[in-house]
Amino acid sequence: MSDGLNSPQREAVRTLSGPLLVLAGAGTGKTRVVTHRIAELIRHGTSPDRILAVTFTRKAAGEMLERSTQLLGKKRKGQEAQPLISTFHALCVKILRRHIEKLGYPHRFTICDRSDQHSEARAALREIRCPDQSLKPADLISIVSQWKSRSFEPGRAASIAESDREHLAAAAYRRYQSNLKSKGMVDFDDLLLLTQQLFARHPTVRREEASQFDHILVDEYQDTNQSQYQIVKGLAAGHRNLCVVGDDDQSIYGWRGAEVQHILSFQKDWPEAKLVRLEENYRSTAAILNYANTLIAFNRLRHEKVLRAARPNGQSPRVMQLRDENDEAEKVVADIQKQLSEPGVRAQDFAILCRTNEQPRVFETELRRAKLPYVLLGGMSFFDRKEVKDLLAYLKLIANPQDESSLLRIINTPPRNIGASTVKQLLAKATAQGCTVWDILPAHAHETTTKFQQLILSLQKIARKASLVELISDVIAQTGYRQELERQYPDPNDREARTASIEEIINAASLFDVRKKRDSLLEDFLDDIALGTRDTSDDKENQLQNNAIALMTLHSAKGLEFPFVYMVGMEEGILPHKRSVEIEGDAIDEERRLCYVGVTRAQEKLTLSFALGRRKWGKLRDTIPSRFLYEMTGQAENIRKRGSNRSRSRNAV
DNA sequence: GCACTGACCGTTTTT
DNA sequence: CGGTCAGTGC
């Protein structure tokens with residue numbers, strides 16, 4: 001086999017049966033191993049559709065599928081059976097769509113988005129009469145999410161709650177969960193938790209689902225939480241052909257319940273598991289890798305390992321010291337522009353990595369001013385836009401009239417004389433009769449509400465026959481949404497931006513019309529959107545992405561690589577983030593791993609930048625360079641002696 | 001029922 | 001600073 005693999009890689013590829021743990025450091029060819037392994041399984045006679053590979057993002061899933069089919073030399077994609085490559089969440093949605101009523105949920109359920117979640121949390125807190133100050137909706141969401149990721153139901157949560165705050169949260173969790181359930185809504189954590197419960201309570205379902213596959217692969221295993229692990233276990237228990245791939249040093253989702261423990265103790269649950277370590281890094285130069293190795297060695301709880309650089313030497317990483325965040329953006333962009341003028345350097349070779357979602361703003365303005373192409377990856381901004389939310393609410397309501405939050409969102413959008421007081425009456429009636437607002441509408445017998453229901457019913461009829469694009473056009477036409485936009489935004493520039501987002505949805509829908517089967521078109525489309533936005537494989541957008549500077553958070557940079565990487569905002573309070581510094585314990589270690597992930601994205605040249613001051617809510621405040629800067633450069637003893645050591649950071653500007 | 005105004009508050013990271 | 005939401009006037 002002239003596959004160009006090194007010997008541990010080959011071992012990982014060729015160990016085809018039984019449990020296998022691949023500890024793969026950053027840049028050691030993990031993706032290659034996984035794709036080769038899938039191809040190898042198929043070559044050895046496994047039917048492709050008996051293979052399940054679970055990835056972390058949809059983008060990773062798409063890439064993996066493409067590369068493994070390439071390896072097999074398949075020309076006619078889609079004609080033959082394909083391996084199922086999916087994220088955990090997408091996998092669970094499919095399973096739940098088949099069986100959720102066994103858990104007492106309505107057969108039709110909607111996945112709630114962040115704002116749904118927020119309003120449900122708010123409602124639950126109101127119900128337990130919690131004064132808003134002691135526990136805020138956002139706090140409740142994160143506590144509940146932690147509990148769910150550890151498979152705690154409300155009862156269990158109540159029994160382990162210690163502080164007042166936790167008791168309060170447990171009580172609110174109970175309400176939150178039963179409200180969601182009665183409305184047929186599931187949040188993101190439920191997708192995993194409910195699947196796990198389904199498997200635990202209905203062994204036949206578990207066996208039925210498990211029997212579809214003979215081989216299971218899990219990528220980014222270090223980010224697996226309790227529910228995900230139980231699901232994997234349930235699926236793999238029969239054949240035990242389970243291959244997990246990950247790197248404990250890149251575990252950056254602890255706040256979401258990921259437990260590094262799973263990867264550290266894999267061999268306890270799977271005693272016959274084979275272990276393969278990949279430690280030869282092909283991605284970065286030695287100079288960059290030295291920084292990474294020095295940094296991560298400060299973490300104590302980890303698999304001891306040192307990545308070997310396959311590429312010797314290289315340029316030493318630079319540290320840029322800037323005045324404030326504007327100066328930082330300006331100088332970083334100027335630096336990129338300078339490098340772009342050299343032959344063979346392309347925009348897509350650059351990435352600017354940030355800790356928070358707010359940081360990219362300044363860079364965006366600066367990049368626009370410099371007329372450089374860029375893509376902002378990961379920001380959910382598109383689906384946060386009002387028009388998009390409205391339109392999707394219509395579609396969700398058409399798909400499932402019981403979806404109350406969608407109904408409430410658009411019942412009077414565009415205004416149709418169903419005001420706040422009417423809605424209040426409807427809600428009161430619904431709670432009194434124990435049904436949803438939709439069921440109340442006919443009984444309410446007002447001209448406005450009946451008309452509204454007629455509208456939705458007629459759109460439902462269209463949905464059954466027409467394509468998605470036709471349906472969406474009809475929604476816009478019949479609701480008068482376009483006229484409403486024109487009325488609300490007399491400024492043509494404003495209006496154009498709003499119409500543009502609607503057109504984007506139509507584009508996405510048209511792609512869907514082509515490739516999906518008829519019967520569950522709308523449901524599939526909505527699931528797809530709820531599960532993540534990554535794969536808007538619009539040609540125009542793709543082209544743009546392929547020739548643009550990438551701007552993103554460290555979290556979304558996982559799995560990617562770039563010749564030139566700029567890690568910006570290397571300051572105490574940002575990386576490590578303030579919230580992690582405040583918490584006792586190992587939160588700092590995760591920040592350090594995050595920094596490590598950033599550093600190991602760089603192939604040729606790494607630039608670290610920090611500002612001496614940063615504006616927050618309009619006020620300029622002094623900052624301290626990140627401790628990680630000192631750790632990486634072997635000056636750890638200087639940490640916290642602010643001022644005196646600033647001069648030691650090389651100033652590249 | 002609807003539109004406008006000002007107080008309030010502060011998302012770390014994402015499927 | 002900028003987005004959200006409640007309260008007020010029409």
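If you're wondering where the values come from, they're calculated on a predicted model, not measured in any experiment. Note on naming: letters A, B, ... go to the chains in the order of the sequence lines (proteins, then strands), and numbering restarts at 1 for each one.
Not a single donor-acceptor pair, N or O on each side, falls under 3.5 Å between the base of B/dT15 and the side chain of A/Arg58.
Residue side chain A/Trp255 meets the stacking definition with respect to B/dT13: its ring centre sits within less than 5.5 angstrom of the base's six-membered ring centre, and the planes differ by less than 30 degrees.
Of the candidate nucleotides B/dT15, B/dT12, B/dG1, B/dG1 has the atom lying nearest to any side-chain atom of A/Ser421.
A salt bridge does not link A/Asp248 with A/Arg593: none of the charged nitrogens is closer than 4.0 Å to a carboxylate oxygen.
Across all strands, A/Asn412 comes closer than 4.0 Å only to sugar-phosphate atoms, never to a base (heavy-atom distances). Contact annotation for A/Glu591: base contact, defined as any heavy-atom pair under 4.0 Å involving a base atom. Contacts of A/Phe88 with the nucleic acid, taken as non-hydrogen atoms under 4.0 Å apart, are absent.
Judged purely by distance below 3.5 Å, without hydrogens or angles, the side chains of A/Ser626 and A/Glu571 never pair a donor atom with an acceptor atom.
Contact annotation: A/Asn357 reaches the phosphate of B/dT14 (side-chain N/O to OP1 or OP2, under 4.0 Å). Residue A/Thr553 has no polar side-chain atom (N or O) positioned under 4.0 Å from OP1 or OP2 of B/dT12. In this model, the phosphate group of B/dT13 is not approached by any side-chain N or O of A/Lys558 to a distance below 4.0 Å at OP1 or OP2. At least one side-chain nitrogen or oxygen of A/Arg579 sits closer than 4.0 Å to the OP1 or OP2 atom of B/dT11. Residue A/Ser556 places none of its side-chain N or O atoms closer than 4.0 Å to OP1 or OP2 of B/dT13. Put simply, A/Ser580 has no side-chain N or O that comes within less than 4.0 Å of OP1 or OP2 on B/dT13.
Inter-residue side-chain proximity for A/Arg355 and A/His555 is flagged as met; some heavy-atom pair is nearer than 4.5 Å.
The nearest whole Å value for the distance from the CG atom in A/Asp187 to the C1' atom in B/dT15 is 11 Å. As a whole-Å value, the separation of A/Leu531 CG from B/dT14 P is 16 Å. The CD-P distance, from A/Glu325 to C/dC1, rounds to 13 Å in whole Å. Distance A/Asp223 CG to B/dT15 C1': 11 Å, rounded to the nearest Å.
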